[in-house]
Student: 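Can you read through this structure? Questions will come right after.
Only heavy atoms go into these numbers, but all of them, side chains included; no hydrogens, no water, no symmetry mates.
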Amino acid sequence: MNGLVDRFGRTHEYLRISVTDRCNLRCRYCMPAEETELASKRDILSFDEIVELAALFAELGIRKIRITGGEPLVRRGIECLCEQLAAVRGIQSLGITTNGVLLSEKALALKQAGVREVNISLDTLQPERFLGIALRDEYDAVRAGIRAALENGFQSVKINTVVMKGVNDDELLDLVDFAALHSLNVRFIEYMPFPGNRWSQAQCLPCDAMKERIESKYKLAPLESRDALHGPAVDFRVEGTDAVVGFIATMSDSSCASCNRLRLTADGRLRSCLFSTFECDLKTLLRSGADGDLLQHAIAASTFLKWKGRPPIEELLNVQTRSMTAIGG
């Protein structure tokens, strides 16, 4: 097979692998407000299964893997998995997205295991507000995790901030100040609807409005050179600093036309889009004894059928899909 290309000509080289649906925070934009049923241990892919599938994806042209959750650092032995994935032939970049709570104790081991990029969720610089968003008093632990990531010299350390109007949008400039102080890349993400997160259009601040606010203080210079493995953010250099600001406009101006990403859920299902209603059950195929060729044909077929773009917002609100923590961030 010659790469993972869909019917619209998009080549896919970036795979996000969720390793758990469990999390040690309860962020309001990610976790359903009501109790949700978690997958059983047997339903979650083992490390051996993840590595086997990753190798098949790499043979099909995947060059970048990002580990996600839930919260990936709550999975015991995550460093061992990262070491195995970093050694998969063809994988050029291994990253992890974390809420940072356990990062201070895991950062060195992750770096030694071959993780090159760390994205850390931080939605506020105010401890009391953090508790209101995450429903857990872990602000100091997250800040310690950020320090540990910087001290251990990862190739890339980025801050992910979900912006919610009336909740934390008054901190945009503060977060850019923080990024400038620590020479970080901070990425502002539009609030997205998922089952149980009580999304409303009124709380969704478009990236254009975010950028306008930031430009009231800072001059932003577009970064035009983008790696083929780059994610969905549109990046700007904050002039006069070493900071970068990125915007992920999933709701107001999606990057569907250039999407190069696939997602493997913790329970072994391949999703070609975060909002997709279709999943290819690779786990069942793998556990039923399917050989590599059959698995790769299933992967390629699922990729080929990827839709052109997400549905309009009014349709998206009625889509019956899984919560963000079940899909993988």
Student: Got Ser272 and Thr303 here, is their nearest side-chain heavy-atom distance under 4.5 Å?
Tutor: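 Answer no - side chains too far apart.
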Student: Heavy-atom count check: over 12 atoms from other residues, nucleotides or ligands less than 6.0 Å from Glu239 CD?
Tutor: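 More than 12 within 6.0 Å, yes.
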Student: Minimum heavy-atom separation for Ala107 and Asn152, please, with both atom names.
Tutor: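 Result for this residue pair: CB-ND2, 3.6 Å.
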Student: Would the distance check show the side chain of Arg10 and the main-chain N or O of Cys256 forming a donor-acceptor pair, the cut-off being under 3.5 Å?
Tutor: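 Checking the backbone N and O of Cys256 against the side chain of Arg10, a donor-acceptor pair under 3.5 Å is found.
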Student: Going by heavy atoms in the side chains, are Leu94 and Ile67 under 4.5 Å from each other?
Tutor: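 SC-SC contact between Leu94 and Ile67 confirmed.
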Student: Hey, are the side chains of Ile214 and Val238 touching, using non-hydrogen atoms and a 4.5 Å cut-off?
Tutor: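 SC-SC contact between Ile214 and Val238 ruled out.
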Student: Any side-chain to backbone donor/acceptor pair from Arg116 onto Gln155? Under 3.5 Å, distance only.
Tutor: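 Checking the backbone N and O of Gln155 against the side chain of Arg116, no donor-acceptor pair under 3.5 Å is found.
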Student: Give me the atom names and distance for the closest heavy-atom approach of Met164 to Tyr29.
Tutor: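 What the structure gives for the nearest pair is CE-CD2, 3.8 Å.
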Student: Checking side-chain contact (heavy atoms from CB on, under 4.5 Å) against Leu175, which of Asp123, Thr161, Val163, Val245 comes through?
Tutor: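 Exactly one candidate clears the test, Thr161.
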Student: Is the shortest heavy-atom distance from the side chain of Leu102 to the side chain of Glu105 under 4.5 Å?
Tutor: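 The answer is yes; the side chains approach within 4.5 Å.
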Student: Applying side-chain contact (heavy atoms from CB on, under 4.5 Å) to Leu81 and Arg75, what does each step give before you reach the verdict?
Tutor: CA-CA 10 Å; Leu81 174 64; Arg75 178 124 186 215; over 6 Å; no
Student: Whether the side chain of Arg26 engages the backbone of Cys23 through a donor-acceptor N/O pair (distance < 3.5 Å, no angle test) should be reported.
Tutor: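 Checked: pair present.
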Student: With no hydrogens and no angle check, do the side chains of Glu190 and Ser252 hold a donor and an acceptor under 3.5 Å apart?
Tutor: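 Ser252 and Glu190 do have a side-chain donor-acceptor pair below 3.5 Å.
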Student: What closest approach, in Å, do Cys82 and Leu110 show between heavy atoms, and which atom pair accounts for it?
Tutor: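 The answer is SG-CD2, 4.0 Å.
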Student: Distance alone, cut at 3.5 Å: any donor-acceptor contact between the side chains of Glu71 and Thr98?
Tutor: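 A pair is found: one side chain offers a donor N or O, the other an acceptor, under 3.5 Å apart.
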Student: In terms of heavy-atom contacts, does CD of Glu212 have more than 12 from other residues, nucleotides or ligands at under 6.0 Å?
Tutor: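 No, not enclosed.
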Student: Any salt bridge linking Asp170 with Arg129? Criterion: basic side-chain nitrogen under 4.0 Å from a carboxylate oxygen.
Tutor: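 Looking at Asp170 and Arg129, the cut-off is met.
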Student: Might you point out which heavy atoms bring Leu270 and Leu264 nearest each other, and give the distance in Å?
Tutor: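 Taking Leu270 first and Leu264 second, the nearest heavy atoms are N-CD1, 4.2 Å.
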Student: For the pair Lys211 and Glu215, find out whether any cationic side-chain nitrogen is under 4.0 Å from an anionic carboxylate oxygen.
Tutor: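 Yes.
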Student: Is there a donor-acceptor pair closer than 3.5 Å between any side-chain N or O of Arg28 and the backbone N or O of Ile133?
Tutor: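 A pair under 3.5 Å: no.
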Student: Taking all heavy atoms of Cys259 and all of Lys306, pick out the closest pair and write down the distance.
Tutor: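 Closest heavy-atom pair between Cys259 and Lys306: SG-NZ, 3.0 Å.
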Student: Whether the side chain of Arg237 engages the backbone of Asp242 through a donor-acceptor N/O pair (distance < 3.5 Å, no angle test) should be reported.
Tutor: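 A pair under 3.5 Å: yes.
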Student: Measuring from atom CG of Asp21 to atom OG of Ser40, what distance do you get when rounded to the nearest 0.5 angstrom?
Tutor: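 Going from CG on Asp21 over to OG on Ser40, the span is 9.5 Å.
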Student: Quick one, Arg213 and Leu173 - any side-chain contact, counting heavy atoms below 4.5 Å?
Tutor: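 Side chain of Arg213 against side chain of Leu173, heavy atoms only: no contact under 4.5 Å found.
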Student: Just verifying a value: how many Å separate Ile299 CD1 and Leu294 CG, rounded to the nearest 0.5 Å?
Tutor: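 It is 10.0 Å, given to the nearest 0.5 Å.
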Student: Treating Asp137 as the side-chain partner and Leu131 as the backbone partner, does any N or O pair qualify as donor plus acceptor under 3.5 Å?
Tutor: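 Between the backbone of Leu131 and the side chain of Asp137 there is no qualifying donor-acceptor contact (under 3.5 Å).
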Student: Sub-3.5 Å donor-acceptor pair from the side chain of Lys308 to the main-chain atoms of Phe8, do we have one?
Tutor: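 No; zero donor-acceptor contacts below 3.5 Å.
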Student: With the side chain counted from C-beta on, respond yes when Leu122 and Phe178 share a heavy-atom pair under 4.5 Å apart, and no when they do not.
Tutor: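 Yes. Closest side-chain heavy atoms under 4.5 Å.
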Student: Grab the two heavy atoms, one from Ala243 and one from Thr241, that are nearest each other, plus how far apart they are.
Tutor: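 What the structure gives for the nearest pair is N-OG1, 3.0 Å.
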Student: Taking NZ, NE, NH1 and NH2 as the nitrogens, is one of them in Lys64 or Glu13 under 4.0 Å from a carboxylate oxygen of the other?
Tutor: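 A salt bridge is absent here (no side-chain N lies under 4.0 Å from a carboxylate O).
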Student: Is it the case that Asp267 and Thr265 place a side-chain donor and acceptor less than 3.5 Å from each other?
Tutor: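 Yes.
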Student: Under the side-chain contact (heavy atoms from CB on, under 4.5 Å) rule, what do Asn99 and Asn24 come out as? Steps first, then yes or no, please.
Tutor: CA-CA 9 Å; Asn99 61 30; Asn24 45 10; 2.8 Å; yes
Student: Classify the ring geometry of Phe236 against Phe247: parallel below 30°, tilted from 30° to 60°, perpendicular beyond 60°.
Tutor: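 Answer is perpendicular, since the angle exceeds 60°.
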Student: Would you check, one step at a time, whether the test side-chain contact (heavy atoms from CB on, under 4.5 Å) holds for Leu282 with Phe57?
Tutor: CA-CA 12 Å; Leu282 297 181; Phe57 275 99; 4.0 Å; yes
Student: Look at Glu117 together with Arg66 and state whether they make a salt bridge at an N to O cut-off of under 4.0 Å.
Tutor: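 Arg66 and Glu117: salt-bridged.
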Student: Could you state the interatomic distance from CG (Leu60) to CD (Gln296), rounded to the nearest 0.5 Å?
Tutor: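 Between atom CG of Leu60 and atom CD of Gln296 there are 4.0 Å.
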Student: Is Lys165 salt-bridged to Asp169, going by a charged N under 4.0 Å from an acidic O?
Tutor: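 No, this pair does not count.
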Student: Test side-chain contact (heavy atoms from CB on, under 4.5 Å) on Phe47 and Leu85 and set out the steps.
Tutor: CA-CA 10 Å; Phe47 284 174; Leu85 291 174; over 6 Å; no
Student: Evaluate the side-chain proximity of Asn168 to Tyr191: yes if any heavy-atom separation is below 4.5 Å, no if none is.
Tutor: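 Counting from C-beta outward, Tyr191 and Asn168 never come under 4.5 Å.
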Student: CZ of Arg263 to CG of Leu15: how many Å apart, nearest 0.5 Å?
Tutor: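 Output value for this atom pair is 10.0 Å.
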Student: Would you say Leu184 and Leu150 make side-chain contact, with heavy atoms under 4.5 Å?
Tutor: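 Yes. Closest side-chain heavy atoms under 4.5 Å.
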Student: Say whether, by atom type as modelled, one donor and one acceptor occur between the side chain of Lys111 and the main chain of Gly153 under 3.5 angstrom.
Tutor: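 Present.
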